[in-house]
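Numbers here simply count residues along the sequence, with the first being 1.
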Amino acid sequence: MKMPLLRVLDLRKYFPIKAGLFGKIVGYIKAVDGVTFEVKDGEVLSLVGESGSGKTTIAKNILLLEEPTSGQIIFGESDITKISGRKLKEYRRMVQAVFQNPFLSLDPRMRVNEILSEPLMAHMKLTRKEIEERVTRLLEIIGLDSSFMYKFPHELSGGQAQRIAIARAIALEPKLVILDEPTSALDVSVQAQILNLLSELKEKLGLSYLMITHDLSIVKYISDRTMVIYLGKIMEEGPTEKIFEEPHHPYTQILLSSVPDIYSRKSEKKTIPRGEPPSPVNPPQGCRFHTRCPSAMPLCKEKTPLETQVDEGHLVSCWLYVRK
């Protein structure tokens with residue numbers, strides 16, 4: 001059996017809350033609280049949920065921009081939370097990222113050729129001519145010509161800048177690219193172009209994507225599997241088609257009901273959750289969603305629901321589906 005490209009096992013990330021003159025720790029923000037999932041070779045897995053659900057924190061832990069509080073992040077056969085030196089450098093080459101706002105992720109003082117050359121010089125032993133050839137090829141792959149080579153980021157449109165960010169991410173021939181809201185800062189007309197480019201690159205270069213987004217229309221378009229997360233916990237996970245056609249968790253149902261369908265003539269009643277999300281400093285006991293759930297039972301307030309398989313590859317953490 002082929003091993004997954006990435007496995008995240010019982011990942012937790014708690015941020016300490018400090019108070020007083022000496023910075024005494026008085027509590028923790030439980031941003032991610034026991035998350036387990038995997039990304040298979042060549043697939044697109046999307047993480048969806050409201051703002052503050054822990055999606056970006058998971059990505060930062062995988063990229064080692066933040067150190068996990070506990071848990072394992074296994075890439076290939078190595079737990080990357082325990083590697084250093086050459087192995088760590090190789091991991092950083094194999095896992096790249098495209099962030100939400102390209103104008104914040106691209107150095108405004110560097111020209112496009114410098115932005116694309118920098119990772120090549122840091123990770124590969126190439127001659128100047130070979131680097132120039134690779135940069136030219138990268139621009140060609142993302143649909144820009146060589147005239148963009150000497151432009152600064154402020155001279156680019158939003159779509160062009162995001163294409164450069166994508167080119168930088170694929171420059172080192174990674175296996176996994178983390179996409180953190182890659183289209184949300186772009187005009188609607190440009191979003192489709194960027195999504196088409198990402199789909200083409202996935203097939204052409206054999207990439208895997210971990211997509212972080214709150215835009216469910218993007219998820220339906222590009223994802224193979226979808227994971228719904230709420231307040232640092234996974235609520236539901238499965239093939240994207242099954243998640244959209246037959247959502248089981250009340251939270252997933254609410255998220256999907258909020259997506260407008262311009263092709264439907266039916267006026268469907270929207271399900272709206274009660275109140276605001278609880279604080280991750282003091283999350284509810286039992287199911288995290290029970291304080292807002294229209295189907296909450298007394299048991300939901302007492303015990304964390306067990307993960308139950310409702311269909312092949314389709315898992316849900318909800319007491320409504322736990323087999324007695």
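Side chain of His249 to backbone of Ser317: a donor-acceptor contact under 3.5 angstrom is found. Between the side chain of Tyr14 and the backbone N or O of Ser70, no donor-acceptor pair lies under 3.5 Å. For the pair Lys89 (side chain) and His123 (backbone), a donor-acceptor distance under 3.5 Å is absent. Not a single donor-acceptor pair under 3.5 Å links the side chain of Gln285 to the backbone N or O of Lys301. Of the possible donor and acceptor atoms, none in the side chain of Arg12 sits under 3.5 Å from a partner among the backbone N and O of Thr69. Without hydrogens or angle criteria, Lys202 side chain to Ser208 main chain gives no donor-acceptor distance under 3.5 Å. Formation of a donor-acceptor pair under 3.5 Å by the Thr57 side chain with backbone atoms of Ala31 is not found in this model. A donor-acceptor pair under 3.5 Å links the side-chain atoms of Asp224 to the main chain of Val44, judged by distance alone. Side chain of Glu43 to backbone of Val39: no donor-acceptor contact under 3.5 angstrom is found. Distance alone, capped at 3.5 Å, places no donor-acceptor pair between the Lys175 side chain and the Gly76 backbone.
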Show, in sequence, the C-alpha distance, side-chain angles and deciding distance for Glu245 and Lys220, and conclude whether the salt bridge (charged side-chain N to carboxylate O under 4.0 Å, His left out) test is met.
CA-CA 11 Å; Glu245 289 181 358; Lys220 193 172 184 179; over 6 Å; no

Under the side chain to side chain donor-acceptor pair (under 3.5 Å) rule, what do His214 and Glu181 come out as? Steps first, then yes or no, please.
CA-CA 8 Å; His214 61 268; Glu181 303 276 8; 2.9 Å; yes

Going through the checks in order, is the ring pair (Phe, Tyr, Trp, His ring centres under 6.0 Å) test met by Phe15 and Tyr28?
CA-CA 5 Å; Phe15 295 96; Tyr28 291 91; 9.9 Å; no

Quick one: do Leu255 and Thr252 satisfy side chain to side chain contact (heavy atoms under 4.5 Å, CB included)? Show the steps, please.
CA-CA 5 Å; Leu255 287 180; Thr252 310; 5.6 Å; no

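A donor atom on one side chain and an acceptor atom on the other are found under 3.5 Å apart for His314 and Glu236. Between the side chains of Ser223 and Thr240, not a single donor N or O lies within less than 3.5 Å of an accepting N or O. In the model, Asp145 has a side-chain atom that pairs as donor or acceptor with a side-chain atom of Ser147 under 3.5 Å. Side-chain N/O atoms of Asp79 and Thr81 include a donor and acceptor closer than 3.5 Å. Residues Tyr321 and Glu307 bring no donor and acceptor atom of their side chains to less than 3.5 Å of each other.
The neighbour count for Phe148 CZ, taken as heavy atoms of other residues, nucleotides or ligands under 6.0 Å away, is above 12. Residue Asp10 places its CG atom among more than 12 non-hydrogen atoms of other residues, nucleotides or ligands, all under 6.0 Å distant. Counting heavy atoms of neighbouring residues, nucleotides and ligands inside a 6.0 Å radius, atom CD of Glu118 does not exceed 12 of them. Heavy-atom neighbours of Tyr150 OH from other residues, nucleotides or ligands within 6.0 Å: at or below the threshold of 12. The number of heavy-atom neighbours closer than 6.0 Å to CD of Glu302, taken from other residues, nucleotides and ligands shown, is above 12.
Each of Glu237, Glu241, Glu38 was scored for a side-chain hydrogen bond (donor to acceptor under 3.5 Å, both in side chains) with Arg225, with one residue passing: Glu237. Each of Leu179, Ile178, Ile229 was checked for a side chain to side chain contact (heavy atoms under 4.5 Å, CB included) with Ile212, and the lone residue meeting it is Ile178. Checked options Leu11, Ile80, Ile62; the residue passing with Pro68 is Leu11 (criterion: side chain to side chain contact (heavy atoms under 4.5 Å, CB included)). Screening Ile164, Asn101, Val112 for a side chain to side chain contact (heavy atoms under 4.5 Å, CB included) with Leu106, the sole residue that qualifies is Ile164.
Leu205 has its side chain out of reach of Pro174: every pair of non-hydrogen atoms, C-beta onward, lies at least 4.5 Å apart. The shortest side-chain heavy-atom distance between Met211 and Ile222 falls under the 4.5 Å cut-off. Lys151 is listed as a side-chain neighbour of Leu156, based on a closest heavy-atom distance under 4.5 Å. Looking only at side-chain heavy atoms (C-beta outward), Lys60 and Asp180 stay at 4.5 Å or farther from each other. At a threshold of 4.5 Å between non-hydrogen side-chain atoms, the residues Ser184 and Gln100 count as touching. Proximity of Leu45 to Phe37: side-chain heavy atoms (C-beta onward) are separated by under 4.5 Å at one or more points. Counting heavy atoms from C-beta on, the side chains of Val310 and Leu315 never come closer than 4.5 Å. Side-chain contact between Met149 and Leu139 is present, with heavy atoms from C-beta onward closer than 4.5 Å.
Using a 4.0 Å cut-off between charged nitrogen and carboxylate oxygen, Arg137 and Glu140 count as a salt-bridge pair.
Shown here for Pro277 and Arg292, the closest heavy-atom pair between the two residues is CG-NH1, 3.4 Å. Heavy-atom minimum distance, Pro284 versus His290: CB-CE1, 3.6 Å. Pro182 and Val98 get closest at one heavy-atom pair: CB-CG1, 4.4 Å.
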